[in-house]
Q: 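Dropping the structure in here first, questions after.
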Amino acid sequence: MPEGHTLHRLALDHRALLAGRAVEACSPQGRFDEGAALLDGRRVLGVEAHGKHLFYDFEDGLVLHVHLGLFGRFRKTARPAPTPRGAVRLRFVVPGACLELSGPTACALVSDTERAALCARLGPDLLHDDADPAEAWARIRKSKRAIGALLLDQSVLSGVGNVYRAEGLFVVGLHPETPGNALRKPDFTRLWDTLRAMLQKGVRDRRIVTAAHPEKSASRVRRGERTWVYGQAHCRRCEGAVERFTLAARTMYACAACQPRDAKPVRTRRSAE
DNA sequence: GCCGAATGCCCAA
DNA sequence: TGGGCCTTCGGCG
């Protein structure tokens, strides 16, 4: 589930639920016993998302770092189940609510230095109000790598995952294999704005719905109708074939008709011919 | 019940 | 570039 919108949604929800309160913490799975014991009974001061990373600030300077990876997931229930479902790495209990974390890539207490190092590796977070597109553009315009690879590189910009990269490139009409240094600035700007709006919508909707459904609220859009090209065999705009190939070790989807390979503007191309 | 894939990322070669 | 890690789920028998 986790692209940038998931983490920012969790940060908002968990801040509302936990901030200012003392939590009971334990690790039913046992793999985070020591950390959970240190957190148990302590008050949460704040919760923040940076790219796809979550940081929980506790009193006494303790900081919990969570990265969901591909499989990690939080579940919220009204009260703790006597027998946790699946492998629960960490459980937080506050009056009236229980949060269970399973399958994270990272769940660890970190020092301020480690936290700073993690954040320093990240490019501008599309979901931060002060994210500076110029930082990302400076990297992209000089790179020979494909834009579809650059979008997944969290040091270039952070928050985009495999679904949003496919959908963002589709909406802007860029072929994923266009080299960064072949992108025109206006295309980059449109891509940035598009991805940012998509992620913001994802935070609001609590899910990824990028294909237009003017009449329906996001929660009513069926699985399989939520994207233009991601996971699709046919483009949901033109009904043409969707190409499926591997790019940066992940499955990429692109519409052959809507995302022509040539990055140059049509006007220039015609006049050159 | 087993197998493969999945919205991520690190590391070794 | 490929394998490993973490877990869940759907498709197949």
Q: When you compare B:dG4 with C:dG4, how far apart are their C1' atoms, in angstrom units rounded to a whole number?
A: 16 Å
Q: Does atom CG of A:Asp112 have more than 12 heavy-atom neighbours, drawn from other residues, nucleotides or ligands, at distances under 6.0 Å?
A: no
Q: By a strict heavy-atom criterion of less than 4.0 Å, which residues belonging to residues 150-172 of chain A are in contact with DNA chain B?
A: A:Gln154, A:Gly161, A:Asn162, A:Val163
Q: Taking 4.0 angstrom as the limit, do A:Arg42 and A:Glu24 come out as a salt bridge?
A: no
Q: So does A:Arg184 pair up with A:Asp187, basic N to acidic O under 4.0 Å?
A: yes
Q: Answer yes or no: does a side-chain N or O of A:Gln29 lie under 4.0 Å from OP1 or OP2 of C:dT7?
A: yes
Q: Listed in order of residue number, which residues of residues 70-81 of chain A have a non-hydrogen atom at under 4.0 Å from DNA chain C?
A: A:Phe71, A:Arg73
Q: Is the positively charged end of A:Arg115 above the ring of A:Phe55, judged by distance under 6.0 angstrom from the centroid and angle within 45° of the axis?
A: yes
Q: Tell me whether A:Arg91 is salt-bridged to A:Glu100, with the criterion being a basic N under 4.0 Å from an acidic carboxylate O.
A: yes
Q: Looking at A:Lys76, I'd like to know if its NZ atom is crowded, meaning that more than 12 non-hydrogen atoms belonging to other residues, nucleotides or ligands lie closer than 6.0 Å.
A: no
Q: Mind checking whether A:Val63 and A:Leu18 sit in one hydrophobic cluster, side chains of I, L, V, M, F, W, Y counted as touching below 4.5 Å?
A: no
Q: Looking at A:Lys52 and A:Glu3, does any basic side-chain N land under 4.0 Å from a carboxylate oxygen?
A: no
Q: Going by the ring pair (Phe, Tyr, Trp, His ring centres under 6.0 Å) test, name the single residue among A:His128, A:His53, A:His50 that passes it with A:His8.
A: A:His128
Q: Is any NZ, NE, NH1 or NH2 atom of the basic residue among A:Asp13 and A:Arg206 found under 4.0 Å from an Asp or Glu carboxylate oxygen of the other?
A: yes
Q: Between A:Gly69 and A:Ala249, which is nearer to the 5' end of DNA chain C once each is assigned its nearest nucleotide?
A: A:Ala249
Q: Is there side-chain contact between A:Cys98 and A:Arg79, with at least one heavy-atom pair below 4.5 Å?
A: no
Q: With nearest nucleotides of DNA chain C determined for A:Arg31 and A:Arg223 from heavy-atom distances, which residue corresponds to the more 5′ nucleotide?
A: A:Arg31
Q: For B:dA5 versus C:dG3, give the span between their C1' atoms, rounded off to a whole number of Å.
A: 16 Å
Q: For DNA chain B, note the earliest and the latest nucleotide, 5' to 3', having some atom under 4.0 Å of a heavy atom belonging to chain A.
A: B:dA6 to B:dC10
